[in-house]
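Notes to accompany the following structure.
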Amino acid sequence: MSENVVHLHKPTDPPTPDTAPTVLTVVPDAPPARPVPLWVRSGRAVKTAATHETTRATVRAVARHSSYTFNGGRIVARRAWDGRTGSRYERMIRAAEAAGNLEAAEEWEERLQRFRAARHHRRMDLLHSPVEAAKGVAVGAGMSVGVLVALGIVMALNTGHVGDVITPLTATIDFIALLIRIVQVVWGPALTIGPFLALLALWSVGRKQHAAPAWALPANVRSSEGEPITPSIVVKALRDLGVPALARAIKEMGDAGASMLGPITIAGCGVEVDVTLPSGVSTNEVQNKRRKLAENLTRHEHEVFITIPQAARTVRLWIADSGALDEPIGSSPLVTDETMTADYAKGRAPWGQDLRGDAAALSLYQRHLLITGLSNQGKTVALRSLALWLSLDKSVQFLMGDLKGVGDWAMFDGLATTLIQGPTDEHVIQVTEMVEGAVDEMNRRIQAPPGTTFPPLIVLVDEAQVAFMCPAKDADKRPYGGSKANSRYFMAVRKIHNQGRAVNVLMWQGTQDPTNENLPKLVREGAHTRASLALGTESQARMALGDKAVDGGAAPNLLRPGLDRGTLVVASDGITIPAGQSSITVRTHYIDDDAAQAITDRAKALRDGVTTLHAIDRGEDHDPLIDIFDVIGTTARVRTKDVLARLAALNADAYGGWSFIDLKRVLDDAGAEPYKSDGVMVVARDRVARALANRDTDGSASADG
C-alpha cells in the first residue's frame with residue numbers, strides 16, 4: 001500500500017520561484033479492494049467440491065455398495081428365516097385372503113401344516129441323535145480298527161515280519177495327524193479372510209437384487225428396469241396419488257388397502273388388476289391422474305391404461321412390463337400365410353394384437369367404418385390392411401377415392417372398380433360423383449325384389465377431410481364440401497349411412513385431426529366401427545370415438561405421436577372387447593407397399609379381371625356399346641349384373657337407372673345378345689367387340705345422349 005504524497009514548507013521561508021512546490025495538495029491513492037475472508041473462500045471451495053459431479057458419483061458409489069452389503073445381509077437373513085420357519089407360507093396365506101382367493105389360501109394352509117409336521121419330526125429326531133451318533137461312532141471305530149488289524153495280519157503273513165501287523169493302523173494315525181497339521185496351518189488365515197469373503201458374498205446378493213436406494217443406483221438401472229407389480233406397490237401407488245379421500249381410506253383399512261385389489265393376473269406383456277375404490281372416491285379422480293399413477297408404479301404414462309369395468313366404483317388397471325410396448329408385434333398373417341382367404345359375412349380381418357398380446361380381429365360385415373388420427377400416425381396403413389384382407393373375398397367390390405394421391409392405394413388398380421387418386425378440387429368432384437353413384441346403386445338394390453342378395457360394395461375414401469372442406473360448387477351452386485343439407489359429398493355419405501348397410505353398400509372413411517369442420521357430427525356418428533390413432537386433445541377423442549367410449553377410459557389423446565404409430569383405440573361391436581369396457585387398444589400390423597402389392601396380386605388371381613376406372617365420365621355424349629366394352633375389360637365374359645354396376649359407376653347420370661332390360665335392348669340391337677353360362681346371364685366380350693367392328697365397318701355409329 002503506497003503512501004500519500006505531501007509537499008510542506010517552513011512558514012519562515014517565503015516561497016521563491018525556485019523553491020515553490022509544483023503541487024501543494026494531498027493526493028490519496030485509489031482505495032484498495034477489501035480481502036475476501038478466509039472462511040468465505042473456504043465455504044465456496046467446500047460448496048464447489050460438494051456439488052462437483054465427481055463428488056456426487058463418489059457419494060452414490062459409497063452409498064450403493066454399502067447398501068448392497070447391508071441389504072444383502074438382510075436378504076440372506078430373511079431367506080434363512082423363511083427356510084427355518086413358516087413365515088413364507090403365512091405371507092402367501094395373507095396375500096391370498098386379501099385377494100379373495102380362498103382356494104389358494106387353503107392350499108397354502110395345507111402346505112404350512114405339512115412343513116410344521118416335518119419340522120417337528122426333525123426336532124424329535126434330534127433328541128435321540130447323540131446316543132445314536134455315539135453308538136454309530138463306537139461301532140464304526142471298532143469295525144475300522146478290526147479291518148486295519150486284519151489287513152496288518154495279512155501283511156505280516158506275507159512278509160514274515162510280526163511288526164507289519166500294526167503297519168496299517170500306524171499309517172492311518174499318521175494320516176490323521178497330517179490332516180490336523182494342515183488344519184492348524186490353514187485355520188489362522190481362514191479366520192482372517194473368512195469375514196471378508198462373507199461380506200463379499202452379502203455384497204454380491206445385494207448387487208443382484210439392486211438392494212440400494214434408487215438415487216444411488218447406476219443410471220441404466222434406474223431408467224430401464226421397472227419394478228415387478230405386487231399388491232403392496234399398487235396400494236402404495238394409489239395411496240400417493242394425491243386423492244385425499246383415497247389416502248385416508250387406505251390408512252384406515254385394517255389390511256392396509258389389500259381388500260381393494262382383485263387378483264393380479266398376467267395379461268399379455270403386462271398385468272391386470274381391478275381396484276374397488278372406497279366410498280367417497282370416484283373413478284374419474286383416478287383416471288385424471290394417469291401420469292402420476294404410472295410414475296408411482298415406475299412406469300411411463302403410455303404403459304398404464306385405466307378402464308372402467310361394469311362393477312361400481314371400480315377401475316381396471318393394465319400395467320405393461322417396462323419397455324414392452326416399444327417392441328414390434330411381428331408380421332401380419334396376410335403376409336406370412338399366402339393361402340389365406342377372406343369371408344366378408346363370417347370372417348374377421350387380422351388387424352393386430354391387443355395389449356394382452358392376443359390376436360385382434362375385426363368383423364367388417366355390414367359395418368360402416370371411420371378411422372381418424374393425426375397425420376403420419378399409420379391411418380392409411382391401418383385402413384388399407386382391412387381392405388387388403390377383404391380383397392381376398394372375390395365377391396367384394398371396391399369404389400376407392402384417395403384424396404392424398406401419393407400412391408398409397410395404387411396396388412388396387414385392376415382390383416377396384418373405380419380408383420381416383422389426387423388432392424385437388426377436381427379429384428374431390430370425381431370422388432363425390434363416385435359416392436353419389438354408389439347411392440344410386442344402393443337405391444337400385446333397395447328396389448329389387450325381396451330376398452335378393454347383393455355382393456358387398458365398399459365405398460372407401462381416404463383423407464375424407466379434403467372432401468368435407470372442399471370449397472368448389474357445381475353449376476347449380478351446390479357445394480361439394482361442407483356439412484349443410486345441400487352439400488353433395490356430405491349428403492351422399494349420409495344416405496349410405498342411413499340405408500346402405502341393409503343392401504351391403506358400406507362407407508369407409510379415413511380422416512385426419514377430427515373437428516366439426518372436417519368431420520361433421522352426423523357423419524362420424526353414422527359409423528358402426530370407430531377407431532382412432534394418436535390425437536391432440538380429449539375433445540378430438542370424443543369426436544373420433546364418442547362420449548361413451550371416452551367416459552369408459554378410451555384415451556387416444558394420451559397415445560404418443562410418432563412413438564405409438566399404428567396403435568389404435570377401437571370402439572366397435574365387431575371386435576372382441578373385454579367385458580365391461582367400451583373400447584380396446586390395438587397395435588396394428590404394418591404392411592408395407594411391396595407386401596400390399598403381393599396381397600393384391602393374389603386377390604386379382606381369384607377374380608376374372610376388373611377394369612379400373614380412374615375418372616368418372618360426366619360428359620353428355622356417350623356410346624352405350626363402347627361403354628359396355630370398356631367396363632367388360634379383358635375378361636372373356638362378365639355377368640350382366642356386374643356390367644350394370646360398372647356402367648353405373650362409370651356414368652351414374654346415364655346408367656344409374658338402367659335395368660337388365662335396358663342393357664339387353666342395346667346388346668340385342670348390336671347383335672351381341674347376352675346368354676346364359678352356368679345358369680347366370682353373361683355378356684361376351686368377343687360378341688361386343690365383333691358388334692363394334694361390324695358397326696364401324698358399316699359406318700353406322702350410334703350415340704345416345
Side-chain angles (χ1 to χ4, degrees), residues 342 344-345 347-351 361-373 378-393 395-404 408-409 411-412 415-421 428 431-432 434-439 441-442 454-468 489-490 492-512 514 518-520 522-533 544-545 568 570-575 586 588 591 596 599-600 603 649:
Y344 161 75
R348 289 176 177 260
W351 212 7
L362 180 67
S363 172
L364 303 173
Y365 178 65
Q366 293 188 346
R367 289 178 175 89
H368 302 302
L369 176 67
L370 172 65
I371 298 180
T372 187
K379 169 180 52 63
T380 295
V381 173
L383 183 62
R384 189 176 67 182
S385 65
L386 298 176
L388 288 172
W389 176 79
L390 201 55
S391 70
L392 297 175
D393 183 341
S395 67
V396 178
Q397 302 171 1
F398 293 98
L399 301 177
M400 291 185 170
D402 174 17
L403 294 177
K404 184 189 297 181
D408 289 335
W409 298 88
M411 66 286 301
F412 281 86
L415 188 60
T417 304
T418 301
L419 176 60
I420 299 169
Q421 303 177 89
V428 172
V431 167
T432 300
M434 176 191 77
V435 178
E436 290 174 337
V439 173
E441 170 64 13
M442 176 189 73
F454 303 100
L457 176 61
I458 307 299
V459 186
L460 189 152
V461 179
D462 195 11
E463 306 296 342
Q465 77 278 356
V466 178
F468 284 114
Y489 180 80
F490 170 75
V493 173
R494 286 294 299 141
K495 289 176 182 178
I496 294 177
H497 278 177
N498 289 338
Q499 296 179 295
R501 176 177 176 272
V503 290
N504 284 333
V505 177
L506 303 176
M507 191 76 208
W508 290 11
Q509 295 183 97
T511 182
Q512 291 182 15
N518 62 25
L519 188 59
L522 292 178
V523 170
R524 60 180 185 254
E525 291 186 349
H528 302 98
T529 295
R530 299 167 71 172
S532 176
L533 295 113
L545 300 177
L568 285 163
V570 186
S572 172
D573 62 349
I575 192 169
V586 177
T588 58
I591 303 177
I599 295 170
T600 54

- Message: Under the rule for salt bridge (Lys or Arg N to Asp or Glu O under 4.0 Å), what residues qualify as partners of K404, not counting sequence neighbours?
- Response: D408, E463
- Task: State, yes or no, whether a side-chain contact exists between I575 and S363 at a heavy-atom distance under 4.5 Å.
- Result: no
- Query: Could you go step by step and tell me if L457 and L506 meet the side-chain contact (heavy atoms from CB on, under 4.5 Å) rule?
  - Reply: CA-CA 6 Å; L457 176 61; L506 303 176; over 6 Å; no
- Note on the structure: Taken to the nearest 0.5 Å, the spacing of K379 NZ from I371 CD1 works out to 8.5 Å
- How many angstroms lie between CG in L399 and CG in L460, if you round to the nearest 0.5 Å? 9.5 Å
- Query: Under 4.5 Å between any side-chain heavy atoms of Y489 and V428, yes or no?
  - Reply: no
- For the atom pair CG (L390) and OG (S385), what is the distance rounded to the nearest 0.5 Å? 11.5 Å
- Item | Any donor-acceptor N/O pair, R530 side chain to A544 backbone, under 3.5 Å | yes
- Message: If you compare all heavy atoms of A382 against all heavy atoms of W351, which two are closest, and at what distance to 0.1 Å?
- Response: O-NE1, 3.1 Å
- Before giving the answer on side-chain contact (heavy atoms from CB on, under 4.5 Å), spell out for S391 and V396 the whole-Å C-alpha distance, their side-chain angles and the decisive distance to 0.1 Å. CA-CA 7 Å; S391 70; V396 178; over 6 Å; no
- Note on the structure: What one should report as the nearest heavy-atom pair of S572 and L362 is OG-CD1, 4.1 Å
- Item | From T417 atom OG1 to I458 atom CD1, the distance as rounded to the nearest 0.5 Å | 11.5 Å
- Message: Restricting to non-hydrogen atoms, name the atom on P456 and the atom on Y344 that form the minimum distance, rounded to 0.1 Å.
- Response: CG-CD2, 3.3 Å
- Task: Check for a donor-acceptor pair, side chain of R494 on one end and backbone N or O of L522 on the other, with a separation under 3.5 Å.
- Result: yes
- Note on the structure: Output for pair (L364 CG, L369 CG), nearest 0.5 Å, gives 7.0 Å
- Item | Side chain proximity check, Q499 to V503, heavy atoms < 4.5 angstrom | no
- Distance-only polar pair, side chains of Q465 and T511, donor-acceptor under 3.5 Å: yes
- Query: Which heavy atom of P514 sits nearest a heavy atom of T372, and at what distance?
  - Reply: CD-OG1, 3.2 Å
- Decide yes or no for T418 and M400: does some side-chain heavy atom of the first lie under 4.5 Å from some side-chain heavy atom of the second? no
- Task: In plain terms, say whether D573 and R367 are close enough for a salt bridge, that is, a side-chain N and a carboxylate O under 4.0 Å apart.
- Result: yes
- Message: I want to check something: taking the side chain as every heavy atom from C-beta on, are V505 and F454 in contact at a cut-off of under 4.5 Å?
- Response: no
- Given side chains that start at C-beta, do those of V431 and L403 come closer than 4.5 Å, heavy atoms only? yes
- Message: Taking A596's backbone N and O only, do any of them form a donor-acceptor pair with R384's side chain (distance below 3.5 Å, no angle check)?
- Response: no
- Are side-chain heavy atoms of I496 and H368 found at a separation under 4.5 Å? yes
- V459 versus W508: any side-chain heavy-atom pair under 4.5 Å? no
- Message: Nearest 0.5 angstrom please: L370 CG to T529 OG1, how far?
- Response: 10.0 Å
- Query: How about N504 and Y365: does a side-chain donor come under 3.5 Å of a side-chain acceptor?
  - Reply: no
- Query: Under 3.5 Å, side chain of D402 to main-chain N/O of D462, donor-acceptor pair present?
  - Reply: no
- Message: For a quick test of reading the model, state the closest non-hydrogen atom pair linking L386 to A349 and the distance between them.
- Response: CD2-CB, 3.7 Å
- Message: Quick check against the 3.5 Å criterion: does R524 have a side-chain atom that pairs as donor or acceptor with the backbone of L519?
- Response: yes
- For F412, what residues pass the ring-ring contact (aromatic ring centres under 6.0 Å, His included) criterion, not counting sequence neighbours? F398, W409
- Query: Which atom names give the shortest non-hydrogen contact between G378 and L533, and what distance separates them?
  - Reply: C-CD2, 4.1 Å
